[in-house]
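Encoded as structure tokens, the structure appears first; notes follow it.
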Amino acid sequence: MSQRVRLGVNIDHVATIRNARGVAYPDPARAAIVALDAGADGVTAHLREDRRHISDADIANLAAMLRERGRPLNLEMAVTSEMLEIALKHRPHAVCLVPERREERTTEGGLDVAGGHNWIAPFVQKLTDAGSRVSLFIGADPLQIEAASRTGAAVIELHTGAYCDAARDGEAAQASEILTALRAGATLGASLGLEIHAGHGIDYDTVAPIAAIPEVAELNIGHFLVGEAIFVGLAEAVAEMRRRIDAARVGS
Ligand code: PXP
């Protein structure tokens with residue numbers, strides 16, 4: 001299968017750098033434009049409950065700017081009433097529901113959709129009714145994938161963090177085992193009618209095996225790209241990631 005994989009660039013960590021000084025720069029919306037011009041298909045931003053990087057004003061700006069340009073905003077958010085209200089106000093193209101714990105450095109695991117069906121399903125319904133395409137960020141666990149399908153969500157985003165960590169640490173056997181589970185999860189999800197996205201921890205070295213999974217339609221990548229931008233600029237970092245995704249898909 002050689003269908004093009006969409007690239008969503010997560011610009012949270014542009015806001016992390018800005019917030020370290022409490023000033024107005026660097027502006028995540030400017031980064032979003034550079035990323036789109038360099039080959040990104042959409043922009044992803046996580047409005048965390050503690051507002052440690054992206055702010056409410058950033059979401060308002062991004063939503064308006066991307067709507068004007070006809071490009072998709074993927075809002076990542078916790079499954080809380082406060083976040084639901086914000087999402088319903090801005091009606092982004094896509095909403096990715098993620099688990100959130102204040103003490104974590106990043107989104108460390110997937111949502112427990114199997115255990116949280118009664119809490120999560122109404123969020124999926126309300127967001128879908130408002131016109132957003134809802135995605136659930138989960139591990140490649142058949143139990144969670146089947147549960148995600150029962151919520152009525154259109155999309156699952158498979159958590160690639162453990163795969164990327166294992167691959168970077170040289171744990172080849174473990175990485176290969178997790179990749180096998182990601183492939184099986186993608187196949188199962190697609191067989192249930194879910195669109196398959198993947199993300200977390202992806203860099204130049206780990207992107208190819210994930211992009212080569214035939215069912216994967218979209219990758220969301222942030223931290224590595226913002227880091228790489230220090231050395232080569234954001235446009236070049238995004239363009240290089242785009243090239244690697246396309247090459248992996250052609251080669252699969
Ligand atoms: N997808 C989801 C659901 C995430 O929570 C994140 C991190 O905010 C990403 C993708 C991007 O991960 P990274 O910044 O490690 O590339």
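All ligand and atom numbering here is 1-based and tracks the order in the structure.
Counting heavy atoms of neighbouring residues, nucleotides and ligands inside a 6.0 Å radius, atom CD of Glu236 exceeds 12 of them. Heavy atoms from other residues, nucleotides or ligands lying under 6.0 Å from CZ of Arg91 number 12 at most.
Taking the charged nitrogens against the carboxylate oxygens, Glu82 and Arg51 do have a contact shorter than 4.0 Å, which makes a salt bridge. The residues Lys89 and Asp56 are annotated as not salt-bridged, no charged nitrogen and carboxylate oxygen being separated by less than 4.0 angstrom.
Using a 30° and 60° split on the angle between ring planes, His159 and Phe137 fall in the parallel class, below 30°.
Within ligand 1, counting atoms from 1 as listed, the ones closer than 4.0 Å to a heavy atom of Gly201 are 12 (O), 13 (P), 15 (O), 16 (O). Those atoms of ligand 1 with a heavy atom of Asn220 less than 4.0 angstrom away are 10 (C), 11 (C). Ligand 1 places these atoms under 4.0 Å from at least one heavy atom of Val98: 3 (C). Set against the non-hydrogen atoms of Ile221, the atoms of ligand 1 under 4.0 Å away are 16 (O).
Looking at Glu157 next to ligand 1, an N or O pair under 3.5 Å apart turns up. Checked by distance only, ligand 1 and Gly222 come closer than 3.5 Å through their nitrogen or oxygen atoms. Backbone and side-chain nitrogen or oxygen atoms of Gly199 are examined, and none is located within less than 3.5 angstrom of a nitrogen or oxygen of ligand 1.
Not a single heavy atom of Phe224 lies less than 4.0 angstrom from ligand 1.
Applying the side chain to side chain donor-acceptor pair (under 3.5 Å) test to pairs two or more places apart or on separate chains, those with a residue in residues 20-45 are Arg4-Asp41, Asp41-Arg242, Thr44-Asn74, Thr44-Asn220.
Contacts with ligand 1 closer than 4.0 Å are made by no heavy atom of His159, backbone or side chain. Contacts between Asp12 and ligand 1, counted as non-hydrogen atom pairs separated by less than 4.0 Å, involve the side chain only.
Other residues sharing a hydrophobic cluster with Phe231 under the 4.5 Å side-chain heavy-atom criterion for ILVMFWY residues are Ile230, Val232.
Under the 4.5 Å side-chain criterion, counting only non-hydrogen atoms from C-beta, Ile210 is not in contact with Leu158.
The heavy atom nearest to atom 12 (O) of ligand 1, considering only His13, His200, Glu100, is found in His200.
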